[in-house]
Chemist: 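A single structure is presented below for examination.
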Protein chains: 2
Amino acid sequence: MVGTLAPRRDIPSATVSRLPVYLRALHEFATRDVTRVSSEELAAQAGVRPTQLRKDLSHLGSHGVRGVGYDVGRLTAELTNALGLNRSWPVAVVGMGNLGRALAAYSGFATEGFHVEALFDHDPSVIGDLVGRHRIASMGELTDVVARLGIAIGVIATPANSAQDVADALVGAGVRAILNFAPVALALPEGVACRSVDLATELHVLAFLRQPERVGADVGRGQ
Amino acid sequence: MVGTLAPRRDIPSATVSRLPVYLRALHEFATRDVTRVSSEELAAQAGVRPTQLRKDLSHLGSHGVRGVGYDVGRLTAELTNALGLNRSWPVAVVGMGNLGRALAAYSGFATEGFHVEALFDHDPSVIGDLVGRHRIASMGELTDVVARLGIAIGVIATPANSAQDVADALVGAGVRAILNFAPVALALPEGVACRSVDLATELHVLAFLRQPERVGADVGRGQ
DNA sequence: CGCACTTTGTGCATTTCTTCACAAACCCCT
DNA sequence: AGGGGTTTGTGAAGAAATGCACAAAGTGCG
């Protein structure tokens with residue numbers, strides 16, 4: 001973590017990272033037509049301990065009912081609202097290699113108001129190609145397109161060496177939330193949110209954990 | 001994190017998650033023919049603070065030279081060794097949708113001894129198809145193939161509802177390290193290492209951070 | 001050869017995160 | 001209406017991670 005810090009309201013960042021997991025667990029119960037869950041059931045589904053779930057929810061001022069549990073619908077609404085998922089989030093993907101194309105088509109991105117609305121690439125030979133319902137635009141069009149479509153989140157799926165330039169372009173165009181798949185630490189101005197996902201790093205950590213010397217271990221956000 | 005715990009040797013898990021980042025930063029310097037770096041330079045490249053870098057390296061018993069810095073080659077070797085990257089890690093990818101195919105072809109996977117050696121899918125209509133240099137095998141072949149090729153790491157890129165079955169199959173076949181892209185908390189026996197990457201969760205966190213009420217914030221593994 | 005300068009390694013303080021333990025709150029049954 | 005049985009919400013304890021400040025250890029110049 002390099003950017004800025006200090007969530008304005010006092011929700012710990014560790015808690016924020018888990019809220020989406022709780023939301024998904026709730027959806028799971030909803031599809032089974034369960035209307036009430038205990039912290040124990042919900043925590044089991046989410047892969048955390050009940051006590052942590054309750055503490056996390058307490059930061060939202062969220063209220064279950066003692067002796068009963070949580071109303072699935074109500075808690076879903078509260079979490080959805082807390083996460084800001086009751087609006088639309090136009091997403092742009094930059095970098096149309098294997099990963100970028102997969103992300104552009106990934107159904108996980110289509111949930112909860114996230115919509116891929118624009119695709120960009122540097123390579124002239126792919127500009128104009130259709131991926132899903134969208135045409136790949138050139139980097140030169142980025143500023144205009146981002147402004148016109150009100151892109152809120154930029155996904156960087158380029159090689160490492162162009163990631164910083166892309167980030168600068170996105171920020172310059174007004175994007176203030178970036179999901180970065182390139183294996184570099186981006187330098188970003190204060191006020192720009194960034195999450196990085198690094199596949200090679202994940203494999204490296206697994207390799208460490210699986211070394212014969214070290215016994216069964218489970219580091220980090222295993223679940 | 002739900003699985004087991006307690007890295008046998010006392011390297012904090014937060015440190016372990018950063019070691020691959022340092023290794024990559026070192027590679028960057030090496031390609032520029034730099035042979036010595038200070039903790040300040042290396043930390044800047046890695047996106048952390050110098051003091052944290054030094055503290056992390058101290059857990060390895062790694063030694064730089066006071067007044068000088070670190071020898072790029074030597075530190076690279078030490079980190080490579082500590083992470084267990086001086087051997088080959090055969091990887092299998094299960095689930096040949098968009099994401100699985102991208103992962104199978106992803107060059108980031110090809111670094112440092114990680115080699116995709118087997119591909120699996122449930123869908124009969126894609127079994128036998130070639131992706132890269134490999135044929136997609138059926139789930140029924142999983143146990144045999146994993147054993148024969150000595151697969152060390154299983155990557156799950158299936159929908160959420162089949163992820164647990166796939167995990168069980170992998171573990172049953174002897175795989176004890178899993179990289180999970182399905183949005184579920186896997187239940188795994190003690191001694192199986194697991195890292196989960198959840199794209200939807202990352203977007204949700206970004207949405208939270210970008211809500212108007214909360215000012216610039218940067219949660220979690222932003223870099 | 002010694003002194004000034006640089007940069008590491010680390011004990012300690014601080015902050016953040018997790019877990020425990022229990023009182024408060026609510027339902028339901030009689 | 002009251003009491004037993006649950007399950008939440010939370011203060012306080014404990015653990016982990018981070019950041020500070022400085023001593024230790026090296027280089028190189030005079």
Side-chain angles (χ1 to χ4, degrees), chain A residues 1-7 9-19 21-22 26 34-44 46-72 74-75 78-79 217-223, chain B residues 1-7 9-19 21-22 26 29 34-44 46-72 74-75 78 217-223:
Chain A
M1 147 161 79
V2 98
T4 63
L5 45 130
R9 229 170 307 170
D10 53 346
I11 301 185
S13 63
T15 293
V16 173
S17 307
R18 283 186 295 265
L19 294 182
V21 180
Y22 302 154
L26 282 168
V34 176
T35 60
R36 290 200 311 208
V37 282
S38 65
S39 62
E40 184 154 348
E41 295 165 319
L42 190 55
V48 302
R49 292 197 221 310
T51 193
Q52 180 152 77
L53 170 71
R54 295 204 300 272
K55 175 73 84 180
D56 283 340
L57 293 183
S58 78
H59 291 296
L60 299 181
S62 175
H63 286 274
V65 181
R66 301 185 187 208
V68 177
Y70 300 90
D71 180 88
V72 172
R74 210 168 85 85
L75 188 54
E78 284 177 19
L79 278 177
D218 177 317
V219 167
R221 38 179 234 301
Q223 301 296 327
Chain B
M1 148 160 80
V2 98
T4 64
L5 45 129
R9 228 169 307 170
D10 54 347
I11 302 184
S13 63
T15 293
V16 173
S17 307
R18 282 187 297 264
L19 294 182
V21 179
Y22 302 153
L26 283 168
F29 283 105
V34 177
T35 61
R36 291 202 308 209
V37 282
S38 65
S39 62
E40 184 154 349
E41 294 165 319
L42 190 55
V48 303
R49 293 196 219 313
T51 196
Q52 179 154 77
L53 170 70
R54 294 204 299 273
K55 174 79 80 178
D56 283 340
L57 293 183
S58 78
H59 291 296
L60 299 181
S62 174
H63 286 272
V65 181
R66 301 183 186 212
V68 177
Y70 300 90
D71 180 89
V72 172
R74 210 168 83 85
L75 188 54
E78 284 178 20
D218 179 317
V219 167
R221 37 180 236 299
Q223 301 296 324

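Each chain gets a letter, A, B and so on, in the order its sequence line appears, and its residues count up from 1. On a predicted model such as this, the values are computed, not experimentally measured, just so you know.
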Chemist: Using atom CD of Gln52(A) as one end and atom P of dG9(D) as the other, report the distance to the nearest whole Å.
Modeler: 15 Å
Chemist: Between Glu78(A) and Leu75(A), is any pair of side-chain heavy atoms under 4.5 Å apart?
Modeler: yes
Chemist: Does Thr15(B) or Gly64(A) map to a spot on DNA chain D nearer the 5' end, using the closest nucleotide for each?
Modeler: Gly64(A)
Chemist: With DNA chain C as reference, determine whether Asp56(A) or Val65(A) sits nearer its 5' end, using the nearest nucleotide of each.
Modeler: Asp56(A)
Chemist: Any side-chain heavy-atom pair from Val21(A) and Val48(A) closer than 4.5 angstrom?
Modeler: no
Chemist: How would you label the contact of Ser58(B) with the nucleic acid (heavy atoms, under 4.0 Å): base, sugar-phosphate, or nothing?
Modeler: sugar-phosphate
Chemist: Indicate the atoms forming the closest heavy-atom contact of Leu42(B) with Tyr22(B), along with that distance.
Modeler: CD1-O, 4.3 Å
Chemist: Return all side-chain donor-acceptor pairs below 3.5 angstrom for residues 63-70 of chain B, not counting sequence neighbours, or 'none' if the list is empty.
Modeler:
residue	atom	partner	partner atom	Å
His63(B)	NE2	Gly61(B)	O	3.2

Chemist: What range of DNA chain C does chain B touch, first nucleotide to last, counting atoms under 4.0 Å from its heavy atoms?
Modeler: dT6(C) to dC12(C)
Chemist: Under a 3.5 Å distance rule, please check whether Glu41(A) uses its side chain to pair with a backbone N or O of Ser38(A) as donor and acceptor.
Modeler: yes
Chemist: Do Leu60(A) and Leu79(A) come within less than 4.5 Å of each other through their side chains, counting heavy atoms only?
Modeler: yes
Chemist: Give me the residues of residues 34-44 of chain A where at least one heavy atom lies under 4.0 Å from an atom of DNA chain C, by number, or none.
Modeler: none
Chemist: How close or far is atom P of dA13(D) from atom NZ of Lys55(A), stated in whole angstroms?
Modeler: 13 Å
Chemist: Answer yes or no: is there a side-chain heavy-atom contact under 4.5 Å between Arg54(A) and Ser58(A)?
Modeler: no
Chemist: Report yes or no: is there a donor-acceptor pair, N or O only, under 3.5 Å between the side chain of Arg54(A) and the base of dG9(D)?
Modeler: yes
Chemist: Over how many whole Å does the gap from Arg18(B) atom CZ to dA17(D) atom P extend?
Modeler: 9 Å
Chemist: Out of curiosity, His59(A) NE2 to Ile11(A) CD1, how far, rounded to the nearest 0.5 Å?
Modeler: 8.5 Å
